[in-house]
Amino acid sequence: MNILWDLDGTLVDSMPVIADALNRTRQAFDLEPLSMAQLRPYIGPAIHPTFAQFLQTNDAELVDSAVRHYRELCDETLAQIPVFTGVETVLSALADAGCQQFVATAKYRPVARHLLELSGLSRWFVEVYGSGEGSALGHKPELLAHLIKEEGLKPAETLMIGDTHYDMEAARANDLTAIGVTWGYGENEALLEGGAHRLVDTPDELLDAIRASLVCVC
């Protein structure tokens with residue numbers, strides 16, 4: 001069976017680093033910093049539309065410049081991002097059960113790969129899928145469709161694990177089982193409205209949910 005994992009807010013606790021980079025980029029472009037609560041909705045979706053909204057512009061070059069600045073700031077602090085406690089136990093159990101595991105993130109693919117290497121998580125994954133240059137594959141439904149096609153996965157044998165409604169909606173759009181984790185950056189109500197088949201509060205509950213959903217770990 002196949003397990004697709006979101007990255008930020010699901011595998012790693014990157015919100016402080018992302019929020020700091022977002023605000024430092026806002027300040028570099030003469031915008032006021034926002035509170036963590038105000039920034040929360042912008043952690044998860046594609047970054048190009050986020051900065052287009054921040055800057056209130058359709059100028060692609062200006063948005064690209066802001067995104068480059070943001071990514072440079074993120075690169076400086078990737079090593080500070082911790083893995084959520086208990087996640088590695090789940091990854092190990094699924095690997096032992098013979099499941100294929102992939103990362104599916106809106107984060108820029110080279111950055112996602114580097115973060116997984118720094119965190120020691122890369123060994124658990126067959127491949128990492130993320131956004132490309134510009135806004136390529138920055139929207140989760142498109143990203144998952146691309147991943148499924150590239151890897152030749154069967155939707156009936158695949159589930160998506162994530163912490164936001166974007167993950168749940170993308171899973172549903174591609175006929176995947178959707179499991180929402182509540183330790184991340186999304187809201188429970190939004191996860192359910194996005195189409196989560198089940199919510200879990202801890203990695204132990206997540207493993208139980210996967211065991212209940214997938215033949216490969218029964």
Side-chain angles (χ1 to χ4, degrees), residues 4-84 102-119 121-122 127-147 160 162-170 173 184-187 190-191 194:
L4 313 185
W5 291 83
D6 173 52
L7 181 55
D8 298 307
T10 302
L11 292 169
V12 298
D13 188 7
S14 52
M15 179 178 274
V17 164
I18 292 174
D20 179 66
L22 286 172
N23 269 336
R24 289 169 66 189
T25 303
R26 284 178 59 85
Q27 290 175 306
F29 285 79
D30 298 320
L31 297 171
E32 292 294 322
L34 299 175
S35 69
M36 188 73 78
Q38 290 172 315
L39 287 172
R40 196 181 188 97
Y42 299 104
I43 299 177
I47 194 64
H48 281 78
T50 291
F51 276 110
Q53 183 174 344
F54 281 166
L55 296 167
Q56 297 185 345
T57 183
N58 293 318
D59 185 335
E61 290 187 5
L62 180 60
V63 172
D64 283 343
S65 177
V67 170
R68 284 195 299 272
H69 188 82
Y70 165 77
R71 286 173 173 165
E72 288 171 3
L73 294 174
C74 285
D75 284 345
E76 296 172 2
T77 51
L78 285 180
Q80 301 173 19
I81 297 175
V83 177
F84 283 111
F102 303 86
V103 169
T105 175
K107 188 183 289 295
Y108 188 43
R109 192 177 192 182
V111 175
R113 283 175 165 164
H114 190 202
L115 173 53
L116 288 164
E117 290 169 1
L118 289 172
S119 66
L121 296 180
S122 59
E127 187 54 272
V128 178
Y129 286 82
S131 61
E133 294 295 337
S135 58
L137 299 178
H139 297 283
K140 267 289 174 68
E142 177 189 7
L143 176 68
L144 295 194
H146 173 72
L147 188 164
M160 176 74 203
D163 68 308
T164 70
H165 67 90
Y166 300 105
D167 302 309
M168 304 299 99
E169 290 164 356
Y185 311 142
E187 301 293 337
L191 285 166

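Excluded from the calculations below are hydrogen atoms, water molecules and symmetry mates; all remaining heavy atoms, backbone and side chain alike, are included.
Closest non-hydrogen pair, A112 versus T105, comes out as CB-CG2, 3.8 Å. Residue V12 comes nearest to L115 through the heavy atom pair CG2-CD2, 4.0 Å, listed as atom of the first residue, atom of the second, then distance. In this structure, H69 and R24 approach most closely via the heavy-atom pair NE2-O, 4.3 Å. Contact detail for L118 and A79: the closest heavy-atom pair is CD1-N, 3.9 Å. Taking each heavy atom of M160 and W5 in turn, the nearest pair found is CE-C, 3.9 Å. The minimum heavy-atom distance between Q38 and P41, with the atom names listed, is O-CD, 3.3 Å.
Side-chain contact between R113 and V103 is absent, with no heavy atoms from C-beta onward closer than 4.5 Å. In this structure the side chain of R40 reaches within 4.5 angstrom of the side chain of M15, judged on heavy atoms. Contact check for L143 versus Y129: side-chain heavy atoms found under the 4.5 Å cut-off. The side-chain heavy atoms of P141 and E169, taken from C-beta on, include no pair separated by under 4.5 Å. In this structure, N23 and R26 have side chains that are in contact, with non-hydrogen atoms separated by less than 4.5 Å.
L22 pairs with exactly one of L34, L73, I47 by the side chain to side chain contact (heavy atoms under 4.5 Å, CB included) rule, that one being I47. Y185 pairs with exactly one of D13, T164, D8, D163 by the side chain to side chain donor-acceptor pair (under 3.5 Å) rule, that one being D13.
Counting only residues at least two apart or on different chains, no salt bridge (charged side-chain N to carboxylate O under 4.0 Å, His left out) pair has a member in residues 28-37. For residues 48-60, no residue pair satisfies the salt bridge (charged side-chain N to carboxylate O under 4.0 Å, His left out) rule, not counting sequence neighbours.
Rounded to the nearest 0.5 angstrom, H139 NE2 and Y166 OH are separated by 10.5 Å. How far CD of E127 is from CZ of R109: 5.0 Å, rounded to the nearest 0.5 Å. Here CD of E72 is found 8.0 Å from CZ of R68. Values are rounded to the nearest 0.5 Å. Atom CD1 of I18 is separated from atom CD1 of I81 by 6.5 Å, given to the nearest 0.5 angstrom. Within the model, atoms OG of S119 and CG of L7 stand 7.5 Å from one another, a figure rounded to the nearest 0.5 Å. Here the OG1 atom belonging to T10 is positioned 7.5 Å from the CZ atom belonging to F84, to the nearest 0.5 angstrom.
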query = Stepwise, does the side-chain contact (heavy atoms from CB on, under 4.5 Å) test hold for E117 with V128?
reply = CA-CA 11 Å; E117 290 169 1; V128 178; over 6 Å; no
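When ring centroids are compared, F29 and F54 stay outside the 6.0 Å threshold.
A donor-acceptor pair under 3.5 Å links the side-chain atoms of K140 to the main chain of A104, judged by distance alone. Not a single donor-acceptor pair under 3.5 Å links the side chain of S65 to the backbone N or O of E61.
No side-chain N or O of T77 forms a donor-acceptor pair with one of Q80 less than 3.5 Å apart.
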